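Report on the structure given below.
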Amino acid sequence: MRPVKGDMRLAAAEARETRRDPAPSRLAYRMNRLMLRPGFRRFLRYGLPILCVATVALIWASDAARVDAAFDRVGELRRQLEERPEFMVHMMAVEHASDETAAQVRSVLSMDFPMSSFDMELSELRRRVRTLDAVAEASVRIRTGGVLEIDVTERQPAAIWRTAEGLTLIDETGHRVTTLDARADRPDLPLLAGPAADKGVAEALELIAAMEPLEGRLRGLLRVGARRWDVILDRDQRILLPEVDPLTALQKAIALDAAQDLFARDIAAVDFRNPRRPAIRLGQGAAEDLYDTDFTPDGEQSR
Amino acid sequence: MSDLYQSQRSMRAMRRAAIQRGVIAILDVGTSKIACLVLRFDGRDRVPEGEGIGHMAGQTQFRVIGAATTRSRGIELGETCAVQETERAIRTAVQAAQKMANTRVDHVIACLSGGQPRSYGLAGIVRVEGNVVGEHDVARVLQACDVPDYGPDREILHAQPVNFALDHRTGLIDPRDQIGQRLSCDMHMLTVDRAVIENLIYCLKRCDLELAGVASSAYVSGIAALVEDEQELGAACIDMGGGTTGISIFIKKHMIYADTVRLGGAHVTSDISKGLQVSLAVAERIKTFHGGVLATGMDDREMIEIGGETGDWEHDRRTVSRAELIGIMRPRVEEILEEVRGRLDAAGFEHLPSQQIVLTGGASQIPGLDTLAPKILGQQVRVGRPLRVHGLPQAATGAAFASSVGLSLFAAHPQDEWWDFEMPSDRGAPRSLKRAVKWFKENW
């Protein structure tokens with residue numbers, strides 16, 4: 001009789017017999033060698049997942065209706081997010097601007113509130129505000145509380161330009177600010193005239209500043225031939241200034257006036273166009289007087 | 001023969017390519033175990049700094065990154081007798097080594113212990129073209145060696161030039177660029193059974209491995225176990241394996257003779273198995289744990305539990321004295337050694353200047369062999385272990401791994417063989433170039 005223990009031992013021995021062969025099958029061996037290929041490992045790690053995802057995505061995208069629905073849904077979600085009250089803009093505030101300019105800004109932007117801040121292109125708004133003549137500089141931002149704040153720096157008119165169309169206010173760079181109905185509305189500003197007078201506003205303002213001693217007599221500045229200035233005084237007197245360095249010429253004229261009371265006399269024009277050879281054109285009466293005057297030695301003081 | 005020449009050349013090219021790629025496997029297909037080493041060649045010589053350390057035998061060029069051993073199946077006397085089984089065993093070893101190395105190997109260098117190697121000494125003589133010996137003169141003299149009729153079912157495994165003589169100077173290692181008229185060469189040729197090597201190649205092919213070289217295991221054991229002086233002065237390496245005992249005789253760092261005794265440790269095991277009536281596995285265990293060849297008085301008293309799993313309680317609880325075990329083992333070991341002595345005598349080993357004999361291989365680890373062997377083989381006997389190589393696991397440094405280590409050295413630093421030189425018939429290139437130049441001269 002075989003003992004029970006021995007029987008168990010035999011079973012164990014048999015089990016050992018069956019698993020004694022550690023040899024891999026041909027397929028397992030090949031698989032093992034394949035897995036040891038670095039390229040194959042990389043493919044399994046990166047290529048295969050990418051391929052799987054791409055395949056699924058392609059299959060999904062092969063139905064146009066499904067893609068459209070998905071895009072619609074995304075658009076809907078986006079709209080919902082954009083229209084949350086946190087992102088809505090309810091009003092516009094125009095800062096540092098006169099009422100007139102503010103009205104202009106509002107009209108040029110012509111926005112209907114409430115509006116989502118995602119739909120606003122602030123740089124575009126700023127560009128549009130800056131197209132206004134009255135606006136020199138503008139900054140646009142959305143303030144907390146849903147306020148579109150437009151901070152405007154207005155153009156400061158520096159002179160009045162009279163043209164055939166009418167009166168225009170221009171700033172010191174020559175840019176148009178607004179039209180003016182009457183000269184009397186802005187008596188504080190000097191008057192410029194002539195074609196292309198706006199190109200020489202800076203020079204004109206310098207000249208006007210130099211005209212301070214004769215301020216009361218100044219009527220305005222006339223641009224001649226779009227290149228040089230004539231200073232017009234009352235009594236139709238003119239100072240013809242050169243194209244180059246008119247300020248010095250004007251100062252000479254003013255000095256002449258201070259010394260000899262030049263413009264109080266009957267003079268039609270002082271011609272400084274050639275600064276080295278100034279000329280004086282006499283007024284009508286003075287010219288006639290001069291014509292009648294006897295310049296003989298004894299005829300002195302004969303009139 | 002030119003078929004073999006081509007295949008050997010292509011194997012050599014494959015070996016170079018594998019070393020270029022950096023990874024090559026070593027497969028020692030033995031009777032009792034199959035060992036697989038994975039070598040990494042990274043082009044760095046790890047020669048340690050120090051006085052007196054010169055050129056090494058190539059063992060500094062590589063590192064063992066994977067090692068695996070498995071019990072071999074389907075192999076008897078070093079020859080495959082069941083291809084499927086052998087293939088499975090090779091797969092096991094290669095896969096385990098690959099796993100340890102964590103890399104894939106495609107090229108393998110194998111060694112062969114069976115196949116009844118036969119040594120031939122060949123001699124050739126030619127007149128040198130011109131005054132200076134060139135590469136093609138070496139090839140011509142190798143070609144001029146008169147190849148004996150080694151039989152239709154044999155294959156040349158090694159054909160190594162071992163000596164060159166120029167006029168009256170002999171013992172030249174490298175005759176190239178020397179001045180002389182008459183160049184003669186001695187070549188050592190080793191043939192093995194064609195069926196054995198073809199079976200091995202078939203097994204490796206079934207495992208998707210490319211064969212990058214084949215070597216005789218007796219030869220590679222000699223490379224690993226003999227120290228440089230022994231190789232230089234003359235020594236025999238006895239690789240006592242499981243199924244066969246390989247003999248290789250070296251002089252001047254060349255193998256000049258190789259042979260196999262078809263007896264080994266497996267026969268000792270089977271003797272124990274028959275004598276004690278136990279299974280082979282139990283006999284192997286008893287041999288490894290308690291074996292010996294030198295009985296002393298103590299051994300009569302030392303009783304060995306035989307054990308076993310037959311299920312017969314009485315049978316499994318027998319004891320045997322160690323003296324009895326030695327009495328079983330010793331005659332077989334003596335027989336092996338006497339057979340080796342006979343082969344060495346037949347080869348004319350006694351004419352060598354130094355007659356050092358180095359025992360290695362798994363069966364050389366029997367305790368007492370160092371006392372028994374001198375009685376049969378002469379006084380200059382030592383038991384040798386293989387050279388240490390980088391990265392070899394401790395478990396694989398024993399004498400049983402002599403041929404694996406030797407094969408690694410062989411892979412790193414192979415001996416020039418006959419097929420490494422261009423055969424004269426192949427040298428068409430210079431002539432065709434000359435013809436092209438001539439054609440140009442005539443036509444332009």
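Computed over heavy atoms, backbone and side chain alike; hydrogens, waters and symmetry mates excluded. Nothing here was measured: the structure is a model prediction, and the numbers come from that model. Per chain, numbering begins at 1; letters A, B, ... match sequence-line order.
- Looking at B:N102, both its backbone and its side chain come within 4.5 Å of chain A, counting heavy atoms on both sides.
- Within a 6.0 Å radius of CZ in A:R41, no more than 12 heavy atoms belonging to other residues, nucleotides or ligands are found.
- Looking at heavy atoms from C-beta onward, A:R26 lies in side-chain contact with B:R206 at the 4.5 angstrom threshold.
- The local environment of CZ in B:R21 is sparse, with at most 12 non-hydrogen atoms from other residues, nucleotides or ligands closer than 6.0 Å.
- When the shell of 6.0 Å around CZ of A:R66 is examined, it contains more than 12 heavy atoms from other residues, nucleotides or ligands.
- Using a distance-only test at 3.5 Å, with no hydrogens or angles considered, a donor-acceptor pair links the side chain of B:R104 to the main chain of A:R33.
- If you tally non-hydrogen atom pairs under 4.5 Å between each of A:A28, A:P38, A:S25 and chain B, the highest count goes to A:S25.
- Crowding of B:E305 atom CD: a count of heavy atoms from other residues, nucleotides or ligands under 6.0 Å not exceeding 12.
- Between the side chain of A:Y29 and the backbone N or O of B:Q95 there is no donor-acceptor pair closer than 3.5 Å.
- Applying the 6.0 Å contact sphere to CD of A:E86 captures more than 12 heavy atoms from other residues, nucleotides or ligands.
- Distance check: B:Q98 CD to A:M35 CE gives 13.0 Å after rounding to the nearest 0.5 Å.
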